[in-house]
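Before any comments, here is the structure.
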Amino acid sequence: MPCCTRASWVLVACILLAAAYGSSASMDHQHLKKLVADHGFGVEVAAGGSAAHMDFVTKGGDVDEKAQRLSKAKKYAEAAKLYQESIDVRVRIFGHDSRETGLAYSQAADNLLEWGKLDEAEVMSRTALKIRQAVGDRDAVYTLEQLEDIEKARKRKARKHKARKARKKARKAAGTPPDARDPANAAAPKSTQHTEF
C-alpha cells in the first residue's frame with residue numbers, strides 16, 4: 001500500500017463490494033453503512049484496515065458534510081465545533097501527521113476565514129501546511145493559497161478600518177453629523193421631539 005492510505009483501500013473495497021451487489025459507484029453514506037454492517041469483517045480484512053478506519057469511513061464523512069453545510073449557511077460557530085471534532089477523530093485514527101489530518105485542519109481554516117476569525121484561521125492553516133508538507137501531500141499548494149487569502153483578508157480589514165477612521169475624522173473637522181450607515185454610529189439612539197399641546 002505505498003501509494004494509498006488505509007482509508008483509501010477501505011473505501012475502494014467498499015465500492016467494489018457495492019459494485020458486486022449491483023449498487024452504483026456513487027453510493028451515499030447510509031448505503032455504505034449498510035454494506036459495512038452486512039459485510040464489515042470481509043471488507044476490513046480485504047482492505048487491510050481496522051475497525052477504527054471503517055468507523056471513520058462510514059461516520060467521518062457525515063461530520064464533514066454537515067460542517068460544510070453549516071459553513072455555507074453561515075453558521076460558522078456550529079461548523080467550527082464539527083470541524084474540531086473531525087480533526088480530533090482524524091488525529092485519533094490516522095495520527096497527527098497524516099494527509100487526512102492536514103485536510104481537516106485546512107477545512108477548519110476555511111470556515112474560520114469565512115467567519116472572519118483571521119488569527120485562528122492562520123493558526124489552523126499553518127498547522128495544515130506543516131502537516132501536508134511533512135507527509136509530502138501535493139495539495140499543500142492549496143494551503144499556501146489559503147494563507148495568501150488570509151493575508152489578503154487582513155489587508156482588506158485594515159483598509160476598511162483606516163477608511164472608516166478617515167471618514168469619521170473628516171466629518172468631525174467639517175462639523176458634519178455622523179453617518180448613520182457607519183456601524184460605529186448605528187447603535188446611537190435617535191433624538192425624539194416632544195410636542196406640547
Side-chain angles (χ1 to χ4, degrees), residues 1-15 25-29 32-33 36 47-163:
M1 291 188 294
C3 66
C4 297
T5 64
R6 284 184 171 203
S8 300
W9 285 107
V10 170
L11 187 57
V12 166
C14 289
I15 291 171
S26 60
M27 63 186 154
D28 62 0
H29 286 286
L32 181 60
K33 286 179 187 177
V36 170
S50 67
H53 286 90
M54 293 305 301
D55 189 48
F56 176 77
V57 169
T58 58
K59 294 179 185 169
D62 290 339
V63 171
D64 291 343
E65 287 175 17
K66 187 173 181 182
Q68 289 171 359
R69 282 194 307 272
L70 287 169
S71 187
K72 285 180 184 177
K74 300 185 186 220
K75 297 181 179 182
Y76 301 118
E78 294 174 50
K81 289 177 186 175
L82 288 177
Y83 280 122
Q84 186 58 53
E85 181 182 328
S86 178
I87 290 169
D88 295 342
V89 167
R90 291 171 192 225
V91 167
R92 190 172 60 250
I93 293 172
F94 301 110
H96 188 267
D97 292 333
S98 70
R99 182 180 187 281
E100 291 81 5
T101 303
L103 174 63
Y105 274 104
S106 187
Q107 290 171 333
D110 278 335
N111 179 62
L112 291 166
L113 174 59
E114 289 296 318
W115 191 6
K117 305 270 187 183
L118 303 180
D119 293 336
E120 293 93 335
E122 183 177 8
V123 169
M124 288 285 189
S125 191
R126 289 199 182 282
T127 304
L129 181 62
K130 183 179 174 186
I131 292 169
R132 286 177 144 187
Q133 287 177 335
V135 298
D137 187 356
R138 291 180 292 175
D139 290 337
V141 68
Y142 298 117
T143 306
L144 286 170
E145 290 172 2
Q146 186 179 59
L147 284 166
E148 289 174 7
D149 290 343
I150 291 168
E151 189 56 35
K152 287 177 188 175
R154 255 200 195 100
K155 288 178 180 176
R156 277 192 308 271
K157 188 175 180 178
R159 280 194 306 270
K160 285 181 181 180
H161 180 70
K162 187 176 179 180

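Values below: every heavy atom of this structure, side chains too, minus hydrogens, waters and symmetry copies. Counting begins at 1 with the first residue of the sequence.
Residue S125 forms a side chain to side chain donor-acceptor pair (under 3.5 Å) with just one option from E120, Q146, K130, and that option is Q146.
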*Begin from the C-alpha positions of L103 and R90 and carry the test side-chain contact (heavy atoms from CB on, under 4.5 Å) through to its verdict.*
CA-CA 10 Å; L103 174 63; R90 291 171 192 225; 3.9 Å; yes

*asked:* Determine whether R159 and R156 satisfy the following criterion, side-chain contact (heavy atoms from CB on, under 4.5 Å), listing intermediate values before the conclusion.
replied: CA-CA 5 Å; R159 280 194 306 270; R156 277 192 308 271; 3.2 Å; yes

_Test log, rule side-chain contact (heavy atoms from CB on, under 4.5 Å), inputs I87 and M124_ = CA-CA 11 Å; I87 290 169; M124 288 285 189; 4.0 Å; yes

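The NZ atom of K152 sits 12.0 Å away from the CG atom of L147 when rounded to the nearest 0.5 Å. Expressed to the nearest 0.5 Å, how far CD of E100 lies from CZ of F94 amounts to 4.5 Å. Expressed to the nearest 0.5 Å, how far CZ of R69 lies from CG of D64 amounts to 11.0 Å. The CG atom of D149 sits 9.5 Å away from the CD atom of E114 when rounded to the nearest 0.5 Å. The CG atom of L129 sits 13.5 Å away from the OH atom of Y105 when rounded to the nearest 0.5 Å.
Looking at E122 and E151, their side chains never come closer than 4.5 Å, going by heavy atoms from C-beta outward. Side-chain contact between N111 and K117: absent, with no pair of heavy atoms (C-beta onward) separated by less than 4.5 Å. Side-chain contact between V89 and R92: present, with at least one pair of heavy atoms (C-beta onward) separated by less than 4.5 Å. Using a 4.5 Å heavy-atom threshold, the side chains of K157 and K160 count as separate.
Taking all atoms of both residues into account, the shortest heavy-atom contact from V135 to D97 is CG1-O, 3.4 Å. Closest approach of S71 and Y76 over heavy atoms only: O-CE2, 3.4 Å. Considering every non-hydrogen atom in both A104 and S86, the closest pair reads CB-OG, 4.1 Å. Across all non-hydrogen atoms, the minimal contact from A79 to A67 is CB-O, 3.5 Å. The two residues W115 and A80 have their closest heavy-atom pair at CZ3-CB, 4.1 Å. In this structure, S98 and G95 approach most closely via the heavy-atom pair OG-O, 3.3 Å.
The stretch residues 132-142 participates, sequence neighbours left out, in these side-chain hydrogen bond (donor to acceptor under 3.5 Å, both in side chains) pairs: R99-D137, R99-D139, R132-D137, R132-T143. Under the salt bridge (Lys or Arg N to Asp or Glu O under 4.0 Å) criterion, no residue pair touches residues 73-86, with sequence neighbours excluded.
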